[in-house]
Amino acid sequence: MALVIGVPREVFPGERRVATVPEVVTKLVKQGFRVVVEQGAGQAAQIGDEGYRSAGAQIVADRASLWAQADLVFKVRAPDATEIALLREGGALVSFIWPAQNPELLQQLAARKATVIAMDSVPRISRAQKLDALSSMANIGGYRAVIEAAHAFGRFFTGSITAAGKVPPARVFVIGAGVAGLAAIGAASGLGAVVRANDTRPEVADQIKSLGGEFVPVDYVEEGSGVGGYAKVMSEGFQKAQREVFAREAAGADIIITTALIPGKPAPKLITEAMVQSMKEGSVIVDMAAEQGGNCELTVPGESVVRHGVTIIGYTDLPSRLAKQASTLYATNLLRLVEDLVKTKSIDGDALRIDMNDEVLRGATVIDRGSVTWPPPAPKLSAAPPAAAKAAAPPPPPKAHGAPSGPMAGTRAAVIFGIGALLFLIIGRYAPPSFLAHFTVFVLGCFVGYMVVWNVKPALHTPLMSVTNAVSSIIAIGALVQLAPDLTKISTDLARPNEWIRWLSVAAIALVAINMFGGFAVTQRMLQMFRK
C-alpha cells in the first residue's frame, strides 16, 4: 500500500504559501506516493486545484478527512491546536517547528505519538544543502525586504542627472551577511544603490564585495563564526565597538536592512532609538528579525510603523509575499527530503521509521514516534573556518648543477658586467659615429622591448603582439627615410632617380599605413574583451 502524503491549506493568518506545487506532485506520484491536497490549498499562491489534479493529486474538500488518511503531512507553518487534534495518532509531520521557541508544541505533538521533522532544524552541512528550507526562504525574504524598502522609500535607488536636477543614489546599510543579507545586498546593488554591509564573520567580506557591496568592519578582533555557519553571541567589548559602527552608519544611511539572528535566542537589539532619531526623515528600516523580537528597539512585529520620521517595517511574512516562488522552493526542499527518506529505507509501506544513524535525518527529527529527540547532537562538520595553519617556509629552489652561490655568484656577476663594459668601451672608441648611433638605438630597443614583454600579463600577449606589429610599421618608415640617400646614390645611373624613389616610398607608406592602423584597431578590439 502506498504511503499517503497530505497537503492541507495553511490556517496561519496571512500565510499564502503552500507546502507543495503541481510540478513536485508529479515527481512524488512517479515515486509511488499518493498525494492528497485540501481544496483551495494553493489558491493564495495562485495555484488552482485543477493544476494539482492534472499532476496526479487527489483533491479533498473535507479537512478532517485529509488529516485522517495522511501518513505524512506536509505543512509550512507549525500546526495550531486544531491541527494537532486532527493529526492521526502515530502519524508523521514535516513543517517549520522552531523547537527552541515552542517547547509546549513539542509536548503536544509527542502526546500524539507523532514523528516530526522540523525543516528549520536541518543541519547546516554540505550534504544537507538541498534540504535547507531556511536558506530558501531567507533568500526570498532578503530580496523582498529590498522591494518593501523601495516601496516605502521616497525616491528611486539609482542616482541620475537630468535637466530637472541631480538625484543621488540611495545609501543602503545591511546588517548581517547570511543568505538573507546577501540576497538583500545583491538586490539593492542591482537597483543602483550604494550598499554597505557588516557581519561578525570576517570571511563573508569577499562575498559582500562580489555582490557589489562594501564590507564595513568592526575595529575589534574577535571570531564571530558559530556552529553550523551561524553567527554567535559576541563579547561585550565587541558589541560596544559594533554599536559605534552602527551609529555612524545609521546617520548616513537612507535604508537599513537587519537580518541578525542567533539560533534558539531572541533577536539581538542592534538599532537603538537614538540611532533611529539620527537618521534622515523619510528613511526606512526593514527588520527581517521581527518574528523573533526584532533587531530594532522600535520594531512592531507584523506591522509597518513610523517613528521619528523613519518608516520601520516589521513584516513577519516576507517570503509569503512572494508566495508562488516560495512555495516552489519549499516544495523542492521537501521532495529532496522524501528522496533521502526513501534512500535510507525510512519509509516502509505506509510507515515512517527515521534512520537515526543518518546525520541529516537525525538532526532534522525533533520527535521520533512520540519521543522528543531535540536537541540533536552537535554536527560532526562545522561551517566555521578552521584555524589557519602556519605557513611552512618554502623550500629553497633547486640549484643548477655547478651553479655558484654566495660570494661566488656576486663575483661572477661582477666579471660579466666588467666584460660587457669593456666591450662597449671598445665599440665606442673604434666604431664610426654612424654605427654607434644605430647601435645605441638597437640596445635601447632591445632593453625596452624586453621590459615591455616581461612585465605584461600572459593573457595580454596577443594584443601586445598586435600593437608591436603596428609600432614596427612606424620603424619601417624611419628605415625608409634613413635609406633614401643611399638609394639615390645607387640609382644615379637610372633615368629620373628621384621619381623611382618617390613611387617606391608611396607604395611602402601605403602598406605601412594599412599595417599600422590595422594593428592598433585589432589591439583595441582585443583589449575590449579583457575589460568588464
Query - Within residues 169-198 or reaching into it, pairs that qualify as side-chain hydrogen bond (donor to acceptor under 3.5 Å, both in side chains) - sequence neighbours excluded - result: R196-E214, R196-E249

**Report entry** Listed once per pair and sorted, the side-chain hydrogen bond (donor to acceptor under 3.5 Å, both in side chains) pairs that draw on residues 92-102, sequence neighbours left out
**Finding:** none

Query raised in the report: Side chains of T258 and D287: is there a donor and an acceptor less than 3.5 Å apart?
Result: yes

Query - Distance-only polar pair, side chains of H308 and E281, donor-acceptor under 3.5 Å - result: no

Under 6.0 Å from the [atom1] atom of [X], do we count more than 12 heavy atoms belonging to anything else shown?
X    : atom1 : answer
F153 : CZ    : yes
Q46  : CD    : no
K240 : NZ    : no
D219 : CG    : no
E50  : CD    : yes
E104 : CD    : no
H151 : NE2   : no
K130 : NZ    : yes

Query raised in the report: Checking side chain to side chain contact (heavy atoms under 4.5 Å, CB included) for the pair I285/R307: CA distance, chi angles, key distance, verdict?
Result: CA-CA 10 Å; I285 296 176; R307 299 289 185 268; over 6 Å; no

Query raised in the report: So how far is it from L329 CG to N139 CG, rounded to the nearest 0.5 Å?
Result: 7.5 Å

**Report entry** Ring centres under 6.0 angstrom apart (Y330, F74)
**Finding:** no

**Report entry** All ring pair (Phe, Tyr, Trp, His ring centres under 6.0 Å) counterparts of F246, not counting sequence neighbours
**Finding:** F173

Is the side chain of [X] donor-acceptor paired with the backbone N or O of [Y] at a distance under 3.5 Å, no angle test?
X    : Y    : result
R362 : T373 : yes
T316 : E291 : no
S320 : A323 : no
S65  : D62  : no
T26  : P22  : yes
T328 : K324 : yes
E10  : V76  : yes
S346 : R353 : yes
T259 : G176 : yes
S136 : D132 : yes

**Report entry** Side chain to side chain, R34 and L28, heavy atoms closer than 4.5 Å
**Finding:** no

Report task. Evaluate the side-chain proximity of K269 to C296: yes if any heavy-atom separation is below 4.5 Å, no if none is. Result -> no

Query raised in the report: Quick one: is the NZ or CZ of R321 closer than 6.0 Å to the six-membered ring centre of Y315, and within 45° of its axis?
Result: yes

Least distance between heavy atoms, [X] atom then [Y] atom:
X    : Y    : answer
A193 : V172 : CB-CG2, 3.7 Å
L191 : F157 : O-CB, 3.5 Å
G14  : D317 : O-OD2, 4.3 Å
G56  : V29  : O-CG2, 3.9 Å
A2   : D71  : O-OD2, 4.2 Å
I313 : A152 : CD1-CB, 4.1 Å

Requested in this report: List the steps and the verdict of side chain to side chain contact (heavy atoms under 4.5 Å, CB included) for V284 and I256.
Outcome: CA-CA 6 Å; V284 179; I256 296 179; over 6 Å; no

